[in-house]
2 protein chains.
Amino acid sequence: MSKFKRVELSVLDAGDVVPCCPPITAGELSQADAEKTAAMFKALSDPVRLRLFSRIASHAGGEACVCDISDVGVSQPTVSHHLRKLREAGLLTSERRGTWVYYRVAPSVVAAMAAMLAPRT
Amino acid sequence: MSKFKRVELSVLDAGDVVPCCPPITAGELSQADAEKTAAMFKALSDPVRLRLFSRIASHAGGEACVCDISDVGVSQPTVSHHLRKLREAGLLTSERRGTWVYYRVAPSVVAAMAAMLAPRT
């Protein structure tokens with residue numbers, strides 16, 4: 001449990017992505033907000049990364065072991081590279097349990113991205 | 001007016017991005033959907049592009065002349081390049097009126113991106 005908390009904190013410290021940025025319809029983004037936001041969108045700008053992300057997001061319990069999601073037609077090191085990029089962008093958290101690492105979508109970060117693109121009300 | 005319609009159609013024909021893809025929590029994305037979606041996120045993965053996009057999205061009437069949005073610290077050809085990328089991804093439409101080209105956010109495409117990231121209900 002303490003290990004899980006440590007991972008969570010390291011993600012928040014590293015990326016500082018929650019909360020991020022105002023809706024794009026609210027005004028011009030500052031340079032700093034534009035850089036943070038671009039990094040989050042960049043994490044989703046690769047087809048293999050998106051398929052891995054959708055596998056985790058749609059997996060039972062919202063969590064998937066790396067052993068569940070690796071057959072996307074690329075090598076294991078490539079899978080690990082993509083999962084690391086998603087984690088660095090703050091979109092996934094991870095926890096090692098025994099042999100395997102389990103990944104979970106960070107709902108607040110993904111919701112913040114959705115809110116940025118939400119239509120003007 | 002006929003010029004405007006032609007631009008609209010060419011965007012839809014080129015990108016075929018409306019409607020796009022199911023929510024990422026709904027299941028694993030197909031390869032085809034992942035490629036379409038990744039291209040849309042890629043269009044927003046550059047800080048300058050995001051700032052231009054937020055300027056247009058937040059401009060009065062949801063439309064901006066290229067003359068209104070060019071002072072983002074990069075050259076005019078670079079601005080044109082970024083606007084073209086956004087248009088090719090289906091996120092902007094454009095219309096020439098007299099000397100200037102006017103850009104407008106494509107609300108259905110941006111709403112589709114937001115819906116893809118919306119939390120599981």
Side-chain angles (χ1 to χ4, degrees), chain A residues 20-62 64 68-69 71-73 82 85-86 89 91 105-120, chain B residues 20-62 64 68-69 71-73 82 85-86 89 91 105-120:
Chain A
C20 182
C21 307
I24 51 160
T25 52
E28 184 185 348
L29 288 177
S30 68
Q31 182 62 27
D33 279 352
E35 283 174 10
K36 277 185 203 170
T37 311
M40 298 195 303
F41 285 122
K42 188 163 193 169
L44 296 182
S45 70
D46 178 278
V48 173
R49 213 136 68 209
L50 261 181
R51 292 186 73 193
L52 286 168
F53 191 64
S54 67
R55 277 194 174 199
I56 295 167
S58 62
H59 207 260
D68 295 324
I69 55 173
D71 55 331
V72 286
H82 285 310
K85 289 283 180 191
L86 287 164
L91 301 181
V105 170
S108 61
V109 180
V110 178
M113 293 175 74
M116 280 196 63
L117 297 171
R120 202 195 292 245
Chain B
C20 181
C21 308
I24 51 160
T25 52
E28 184 184 349
L29 288 177
S30 69
Q31 182 62 28
D33 280 350
E35 282 174 12
K36 277 186 202 168
T37 310
M40 297 194 304
F41 285 122
K42 190 164 191 165
L44 296 181
S45 71
D46 179 278
V48 173
R49 211 136 69 210
L50 261 181
R51 291 186 74 192
L52 286 168
F53 191 64
S54 66
R55 278 193 174 199
I56 296 167
S58 61
H59 207 261
D68 294 324
I69 54 172
D71 55 331
V72 286
H82 285 310
K85 289 284 178 188
L86 286 165
L91 301 181
V105 169
S108 62
V109 181
V110 178
M113 292 175 76
M116 280 197 62
L117 296 171
R120 201 196 292 246

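The chains referred to below are lettered A, B, ... by the order of the sequence lines, with proteins before strands, and numbering in each begins at 1. Computed from a predicted model, the values in this text were never measured in an experiment.
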Counting heavy-atom pairs closer than 4.5 Å to chain B, which one of A/Ser45, A/Ala114, A/Gly73 comes out on top? A/Ser45

Might you point out which heavy atoms bring A/Ser58 and B/Ala26 nearest each other, and give the distance in Å? CB-C, 4.1 Å

If you define the side chain from C-beta out and look only at heavy atoms, does anything of B/Val105 sit under 4.5 Å from A/Thr25? no

Note: B/Ala38 and A/Pro47 closest approach over all heavy atoms is CB-N, 3.6 Å

Between atom CE of B/Met116 and atom CG of A/Leu117, what is the distance when rounded to the nearest 0.5 Å? 11.0 Å

Would you check, one step at a time, whether the test side chain to side chain contact (heavy atoms under 4.5 Å, CB included) holds for A/Leu44 with B/Ile24? CA-CA 11 Å; A/Leu44 296 182; B/Ile24 51 160; over 6 Å; no

Rounded distance [0.5 Å steps], CE in B/Met113 versus CZ in A/Phe41: 5.5 Å

Rounded to the nearest 0.5 Å, what's the gap from CD on B/Glu28 to CG on A/Leu52? Could you check? 8.5 Å

